Protein chains: 2
Amino acid sequence: MGKQMTEMLKGTLEGIVLAILAVQPAYGYEITARLREQGFSDIVEGTVYALLVRIEQRGLVDVAKVPSEKGPPRKVYTLNALGGEYLEEFWRTWTFLVERIGQLHHHIEHPQEEGE
Amino acid sequence: MGKQMTEMLKGTLEGIVLAILAVQPAYGYEITARLREQGFSDIVEGTVYALLVRIEQRGLVDVAKVPSEKGPPRKVYTLNALGGEYLEEFWRTWTFLVERIGQLHHHIEHPQEEGE
DNA sequence: TAGTGGTAGTCAGCATCACTAAGTAGTTGA
DNA sequence: TCAACTACTTAGTGATGCTGACTACCACTA
């Protein structure tokens, strides 16, 4: 999309991937494809793999190597308990931010309604 | 708040400040105080000032030096035409992200509703 | 047999951004 | 004089996503 989206994804992409893993376990290539389907057309594989390494090192996911019919073996990531807690914290932070910014947006278009 | 919020603010804080300036011109110290009032209690002055320097260098705002009754002169920032366009682009990007992530959140809590 | 294309993952280097921490300066009041 | 508030500046750090190139496995085809 653009530079703005790139910067916005910092901090949120991690939550997005954890949310995808919360639905069901997945491997890197698959996650990248799913992100593309869901509209994040510009996210590159390298970014996703680097992110997966990070969340693995932090112990938010469990990893299993699974052979593939086509190509090299897959590293399948599963959200574990710690990852689940982290994801919940993500949702709280995200919701807070969405509410604050939503208020700002509303304030701009309907300035007379708020008491200043 | 925490590390998650710090990372999420990357890319969004700029939009937040531009949105504040869209309501009315303001200077750094004032913007910091306003952010604190609006719930972003952990945002430090240094962060805001650095951001203001950036958006000034990109030509998104006009700057005027105004004497203060208390303390050094203020640098009052006003959103200009380019800044307005940039802010609109920010809202588009932000809305897109909120919708995508909202879908993900919904999907997790009501998985059977979506067709896969 | 060599070449192409899809699958799957790794790595080095870069730019951007928020934070930390310290400093400079002006004004007011004890 | 010194503290406290106002107002802005600056150097350095860590985290993150992107770029671009690379390795490797498999199937199909000229």
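Small disclaimer: the values here were computed from a predicted structure and weren't measured. Throughout, protein chains are lettered first and strands after them, A, B, ... in sequence-line order, and every chain is numbered starting at 1.
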Touch class at under 4.0 angstrom, heavy-atom based, for B/Glu30 against every strand present: nothing
Parallel, tilted or perpendicular: ring planes of B/Phe40 versus A/Phe96, cut at 30 and 60 degrees: perpendicular
Whole-Å distance separating the CG atom of B/Leu18 from the P atom of C/dC17: 12 Å
Sugar-phosphate, base or nothing in reach of B/Leu52, heavy atoms under 4.0 Å: nothing
N or O in side chain of A/Arg54 less than 4.0 angstrom from D/dG17 OP1/OP2: yes
Enumerate all atom pairs, one protein N or O and one N or O from nucleotides 10-13 of chain C, separated by less than 3.5 Å.
residue	atom	partner	partner atom	Å
C/dT10	OP1	A/Lys75	NZ	3.3

Residues B/Glu30 and B/Arg74 bridged, charged N to O under 4.0 Å: no
Under-4.0 Å side-chain N/O to phosphate OP1/OP2 contact, A/Ser68 with C/dA8: yes
Touch class at under 4.0 angstrom, heavy-atom based, for B/Glu69 against every strand present: sugar-phosphate
Nearest-nucleotide 5' precedence on DNA chain D, A/Thr12 against B/Val76: B/Val76
For atom CZ of A/Phe90 and atom P of D/dT16, their distance in whole Å: 13 Å
Nearest-nucleotide pick for B/Tyr29, side chain only, options being D/dC8, C/dA15, C/dG9: D/dC8
Rounded interatomic separation in angstrom, taking CE from B/Met8 and C1' from C/dT16: 18 Å
In one Ile/Leu/Val/Met/Phe/Trp/Tyr side-chain cluster, 4.5 Å: A/Leu82, A/Leu18: yes
Nearest-Å distance for atom pair CD1/P, residues A/Ile31 and D/dG17: 13 Å
5′-ward residue of the pair B/Lys70/B/Thr6 relative to DNA chain C: B/Thr6
Separation of atom CG in B/Leu13 from atom P in D/dT16, rounded to whole Å: 17 Å
Nearest-Å distance for atom pair CD/C1', residues B/Gln4 and D/dT16: 14 Å
Sugar-phosphate, base or nothing in reach of B/Lys10, heavy atoms under 4.0 Å: base
For atom CG of A/Leu35 and atom C1' of D/dC18, their distance in whole Å: 15 Å
Atom pair distance, as rounded to whole Å: CD1 in A/Ile43 and P in D/dT16: 15 Å
Salt bridge A/Lys10-A/Glu7, side-chain N to carboxylate O under 4.0 Å: yes
